[in-house]
Amino acid sequence: METDWLWGLAGGGLIGLGGAVYLLGNGRIMGASGIVGGLVDGTAKKTALERIVFLAGVVLLPLVLQLFSSTPKTTHMTDNVILIVIAGLLVGIGTRIANGCTSGHGVCGISRLSLRGIIATVFYILAGGLTLAVFRHGLGLI
Amino acid sequence: MRLFLSFLAGGLFGTGLFFSGMTDTTKVQGWLDVFGNWDPTLAFVMGGAIIPMFIAWRLTEGRAPLVGGNFPQPSRPELDRRLIVGSAMFGVGWGLVGLCPGPVFASLSYNGWGGVWFLLAMLAGMKVAPKFGMQLDRRMTKA
């Protein structure tokens with residue numbers, strides 16, 4: 001759609017606003033993989049509740065918005081469970097080892113002009129682009 | 001206050017992901033698919049998110065967080081193997097299905113069982129990641 005970029009920009013603004021609230025309010029970096037990962041590997045016992053409440057917000061608002069939207073929201077995700085599990089594992093391991101994902105390294109890191117954030121973003125976009133080139137155009141698997 | 005702000009931040013994050021189209025895997029894969037039907041939306045989302053965050057980082061100077069404590073210190077500008085290998089692994093998984101950690105949660109209510117499988121696999125990956133990272137460090141000292 002022609003207006004997609006406008007929705008992207010506006011939605012992006014809300015994402016950044018959320019990050020600003022989390023930073024200026026709670027003094028924390030809004031990185032989805034860090035917030036989840038700390039709960040999973042038990043490194044975040046003291047801040048567990050704050051993380052769970054954050055994630056509840058991420059899940060619940062789209063749930064409510066979806067109830068009021070005229071067209072059902074779809075993710076167009078593949079139904080190949082093997083592919084889903086492999087990708088999920090890679091995303092889980094990769095973001096924890098790199099200590100950040102699209103929100104932490106991308107949004108919060110780049111806006112801070114952090115070298116690590118910029119390098120991480122370059123590498124995951126390159127790897128993602130290469131994956132599409134190989135698995136879609138080379139092998140025709142995705 | 002801390003919990004309210006957490007919910008508010010999470011809610012804004014989820015709402016932004018919902019409206020931006022970033023829970024639609026075709027848009028994410030479209031951004032990465034430079035040899036196909038390339039979709040620039042993700043760049044607008046990134047740009048739109050970086051602007052308020054850039055201002056927020058400026059506002060941290062000489063201040064303290066609303067609930068007290070300190071702002072996070074800048075990380076040491078180290079570019080180690082963990083950052084590169086981890087980001088590359090993440091990128092491959094991101095490209096294969098078109099989901100990253102934020103949208104996994106934002107789309108949980110309308111992504112069916114596939115979304116649940118992805119979430120469980122991601123959590124399992126996060127659980128084993130510390131061990132994987134240590135393996136990586138060991139190889140680095142050997143090399």
Side-chain angles (χ1 to χ4, degrees), chain A residues 4-5 8-9 11-23 25-27 29 32-33 37 40 50 53-54 57-59 61-63 65-66 73 75-77 84-85 87-98 101-103 107 111-112 115 120 123-124 127-129 131-132 137, chain B residues 3 5-7 9-16 18-20 25-26 32-33 35 41 44-45 48-50 52-54 56-57 65-66 69 71 77 82-83 86-97 100-102 105-111 114 117-118 121-122 125-127 129 133:
Chain A
D4 278 6
W5 67 274
L9 196 66
L14 289 175
I15 295 168
L17 207 60
V21 167
Y22 210 49
L23 179 67
N26 289 2
I29 290 173
S33 59
V40 174
E50 161 185 342
V53 169
F54 175 89
V58 183
V59 175
L61 263 289
L63 187 151
L65 287 167
Q66 193 221 174
K73 197 85 172 168
T75 60
H76 300 112
M77 191 169 79
I84 289 174
V85 169
L89 282 169
L90 283 169
V91 169
I93 298 173
T95 52
R96 285 306 279 163
I97 288 179
C101 57
T102 347
S103 46
V107 175
S111 62
R112 196 184 203 179
L115 186 63
F123 271 89
Y124 63 68
T131 302
L132 264 290
H137 298 289
Chain B
L3 293 182
L5 290 172
S6 293
F7 188 78
L12 284 166
F13 186 43
T15 306
F18 181 86
F19 283 117
S20 65
T25 58
T26 50
L32 296 170
D33 191 7
F35 300 111
T41 309
F44 287 98
V45 180
I50 284 170
M53 271 313 288
F54 182 79
W57 280 118
L66 212 63
F71 284 117
R82 278 176 180 245
L83 185 76
S87 295
M89 284 178 74
F90 163 46
V92 174
W94 192 40
L96 282 177
V97 166
C100 54
F105 285 90
S107 68
L108 202 59
S109 59
Y110 52 85
N111 202 9
W117 283 118
F118 192 97
M122 184 177 86
M126 288 176 163
K127 185 87 183 165

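Here is the naming used below: chain letters follow the sequence lines, and residue numbers restart at 1 for every chain.
- Among the candidates A:Ala32, A:Ala20, A:Ala98, the residue making the largest number of heavy-atom pairs closer than 4.5 Å to chain B is A:Ala98.
- The most heavy-atom pairs under 4.5 Å with chain B, out of A:Gly19, A:Gly37, A:Ala87, come from A:Ala87.
- For the atom pair A:Phe123 CZ and B:Phe90 CZ, the distance stands at 14.5 Å (nearest 0.5 Å).
- Residue A:Thr131 holds its OG1 atom at 8.5 Å from CG of A:Leu90, rounded to the nearest 0.5 Å.
- Smallest separation of non-hydrogen atoms from A:Gly92 and B:Ala129: O-CB, 4.4 Å.
- Of all the heavy atoms in B:Phe118 and A:Gly88, the pair that sits closest is CE1-N, 3.6 Å.
- Here B:Gly114 is the residue among B:Ser107, B:Gly69, B:Gly114 with the most heavy-atom pairs under 4.5 Å with chain A.
- The candidate from B:Thr25, B:Leu66, B:Thr41 with the greatest count of non-hydrogen atom pairs under 4.5 Å with chain A is B:Thr25.
- Here B:Gly48 is the residue among B:Gly48, B:Ala88, B:Gly95 with the most heavy-atom pairs under 4.5 Å with chain A.
- At distances below 3.5 Å, not a single donor-acceptor pair connects side-chain atoms of A:Lys73 with backbone N or O atoms of B:Tyr110.
- The CZ atom of B:Phe7 lies 10.5 Å from the CG atom of B:Leu12; values are rounded to the nearest 0.5 Å.
- Of the listed residues B:Phe19, B:Trp94, B:Phe18, the one with more heavy-atom pairs under 4.5 angstrom with chain A than any other is B:Phe18.
- Not one N or O on the side chain of B:Ser20 forms a donor-acceptor pair closer than 3.5 Å with the backbone of A:Gly12.
- Residue contact with chain B, scored on non-hydrogen atoms closer than 4.5 Å, involves the side chain of A:His137 exclusively.
- Listed options B:Leu5, B:Asp33, B:Thr15 were ranked by heavy-atom pairs under 4.5 angstrom with chain A; first place goes to B:Asp33.
- Listed here is the closest heavy atom pair of A:Ile93 and B:Met89: CG2-CE, 3.7 Å.
- Put simply, of B:Cys100, B:Pro65, B:Gly133, the one with the most heavy-atom pairs under 4.5 Å next to chain A is B:Pro65.
- Within 6.0 Å of the CH2 atom in B:Trp117, the count of heavy atoms belonging to other residues, nucleotides or ligands does not exceed 12.
- In this structure, the portions of A:Thr95 lying under 4.5 Å from any heavy atom of chain B include both its backbone and its side chain.
- With a threshold of 4.5 angstrom between heavy atoms, A:Thr75 approaches chain B through its backbone and through its side chain.
- When each of A:Leu23, A:Leu14, A:Val21 is checked for heavy-atom pairs under 4.5 Å with chain B, A:Leu23 comes out on top.
- Your options are A:Leu63, A:Val58, A:Leu61, and the one with the most heavy-atom pairs under 4.5 Å with chain B is A:Val58.
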